[in-house]
Amino acid sequence: MKILVIHGPNLNLLGEREPGVYGSETFEKLNNDIMARASAYGIECEIFQSNHEGEIIDKLHEARKSSDGVLLNAGAYTHYSYAIRDAISAIRIPVIEIHISNTASRDEFRHKSVIGPVCMASVAGFGRDSYILGMDGLVRFFAKQGEANE
């Protein structure tokens with residue numbers, strides 16, 4: 001199994017940007033934790049970050065042929081990118097929406113997700129563990145799919 005993790009805009013600044021909201025651990029530490037969890041499951045994991053909407057869309061398109069599922073933290077694009085929403089719909093592999101913070105408890109514009117309705121699930125508000133919980137969910141989803149096919 002292969003999972004793609006996509007970090008959207010400004011996530012490369014973790015540890016520096018709003019530590020009261022996103023914590024003080026670095027982006028590199030988060031990625032190391034994600035890779036360690038993937039390794040513990042024995043799955044392949046690719047991590048990608050971009051501040052550019054088109055690059056995120058291109059990566060989602062690639063994922064339809066190279067990955068079994070996606071963990072996507074689209075950052076602020078979550079709230080207005082219909083192009084990313086359409087890309088998620090088009091690829092037809094499970095995508096889990098990830099947020100470090102509880103977006104429902106923040107600025108009002110962050111309360112609505114335009115990508116959530118086309119994602120398999122959403123995980124928010126657990127800090128960096130949101131990524132780990134999302135990965136756990138994908139692994140369980142595929143395990144149940146395997147059981148159903150036996």
Side-chain angles (χ1 to χ4, degrees), residues 1-15 17-51 55-79 81 84-106 110-150:
M1 176 169 35
K2 181 176 179 182
I3 293 176
L4 170 64
V5 176
I6 299 177
H7 301 289
N10 301 310
L11 288 157
N12 56 305
L13 297 179
L14 286 175
R17 177 183 172 231
E18 298 182 74
V21 174
Y22 300 109
S24 59
E25 290 183 347
T26 66
F27 182 60
E28 181 180 7
K29 170 78 166 87
L30 171 61
N31 288 333
N32 289 339
D33 291 348
I34 291 168
M35 293 302 282
R37 183 57 144 236
S39 179
Y41 275 126
I43 59 176
E44 187 179 345
C45 182
E46 177 185 355
I47 296 176
F48 174 79
Q49 190 278 327
S50 179
N51 295 313
E55 289 180 0
I56 293 169
I57 292 166
D58 289 344
K59 198 66 176 176
L60 285 165
H61 290 178
E62 290 172 20
R64 78 187 195 283
K65 294 184 177 179
S66 63
S67 299
D68 298 298
V70 177
L71 302 178
L72 171 62
N73 186 337
Y77 290 134
T78 297
H79 314 293
S81 179
I84 290 176
R85 176 194 169 104
D86 289 348
I88 294 166
S89 291
I91 63 174
R92 297 187 179 160
I93 61 173
V95 176
I96 297 182
E97 176 184 8
I98 302 292
H99 296 287
I100 293 171
S101 68
N102 177 0
T103 55
S105 69
R106 297 187 62 204
R110 297 181 196 275
H111 295 183
K112 179 170 174 53
S113 168
V114 300
I115 68 170
V118 295
C119 289
M120 181 177 93
S122 298
V123 181
F126 290 98
R128 293 149 185 271
D129 285 343
S130 293
Y131 288 91
I132 302 305
L133 293 168
M135 185 179 298
D136 292 348
L138 270 180
V139 168
R140 288 179 183 178
F141 171 77
F142 285 115
K144 287 182 180 180
Q145 292 288 316
E147 291 170 6
N149 292 331
E150 291 178 359

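Heavy atoms only: backbone and side chains are in, while hydrogens, waters and symmetry mates are out.
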Next on the checklist: As a quick check of understanding, evaluate side-chain contact (heavy atoms from CB on, under 4.5 Å) for Ile115 and Tyr77, giving each step before the final call.
Outcome noted: CA-CA 9 Å; Ile115 68 170; Tyr77 290 134; over 6 Å; no

Next on the checklist: Go through it in stages, so that I can follow the logic: the residues are Glu46 and Val5, the test is side-chain contact (heavy atoms from CB on, under 4.5 Å), and I'd like the CA-CA distance, side-chain angles, deciding distance and then a yes or no.
Outcome noted: CA-CA 6 Å; Glu46 177 185 355; Val5 176; over 6 Å; no

Checklist entry - side-chain contact (heavy atoms from CB on, under 4.5 Å) between Glu28 and Asn32: does it pass, once the steps are laid out? => result CA-CA 6 Å; Glu28 181 180 7; Asn32 289 339; 3.9 Å; yes

Next on the checklist: salt bridge (charged side-chain N to carboxylate O under 4.0 Å, His left out), that's the test. Do Asp33 and Lys29 meet it? Break it down for me.
Outcome noted: CA-CA 6 Å; Asp33 291 348; Lys29 170 78 166 87; 2.9 Å; yes

Checklist entry - After noting the C-alpha distance and the side-chain angles of Ile100 and Leu14, does the key distance pass the side-chain contact (heavy atoms from CB on, under 4.5 Å) rule? => result CA-CA 10 Å; Ile100 293 171; Leu14 286 175; 3.9 Å; yes

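Side chains of Arg85 and Pro117 form a contact here, defined as non-hydrogen atoms less than 4.5 Å apart. Val70 places none of its side-chain heavy atoms less than 4.5 Å from the side chain of Lys59.
Rounding to the nearest 0.5 angstrom, the gap separating the OG1 atom in Thr78 from the NZ atom in Lys112 is 12.0 Å. The distance from atom NE2 of His61 to atom OG of Ser66, rounded to the nearest 0.5 Å, is 12.5 Å. Taken from OH in Tyr131 to CG in Leu72, the straight-line distance is 8.5 Å, to the nearest 0.5 Å. Between the OG1 atom of Thr26 and the CG atom of Asn12 there is a distance of 11.5 Å, given to the nearest 0.5 Å. Atom CD1 in Ile47 sits 7.0 Å away from atom CG in Leu30 (nearest 0.5 Å).
Tested against Phe142 for a side chain to side chain contact (heavy atoms under 4.5 Å, CB included), the candidates Ile3, Asp68, Ile43 yield a single pass: Asp68.
Ser130 places a side-chain N or O within donor-acceptor distance of the main-chain N or O of Gly127, the cut-off being under 3.5 Å. Within the 3.5 Å criterion, the main-chain N or O of Gly8 finds no donor-acceptor partner in the side chain of Asn73.
Scanning all heavy atoms of the two residues, the minimum distance from Ser101 to Ala124 falls at O-CB, 3.7 Å. Taking each heavy atom of Gly134 and Ile98 in turn, the nearest pair found is CA-CD1, 4.0 Å. When every heavy atom of Met120 is checked against every heavy atom of Leu138, the shortest pair comes out as CE-CD2, 4.0 Å. In this structure, Ala74 and Pro9 approach most closely via the heavy-atom pair O-CD, 3.5 Å. Scanning both residues, Ser67 and Leu4, for their nearest heavy atoms gives OG-CB, 3.6 Å. What you find for Ser50 and Ile56 is that their closest heavy atoms are O-CD1, 3.7 Å.
Checking Glu97 against Ser113 by side-chain atom types alone, a donor-acceptor pair falls below 3.5 Å.
Ring geometry, His7 versus Phe27: the interplanar angle exceeds 60°, so the pair is classed perpendicular (tilted spans 30 to 60°).
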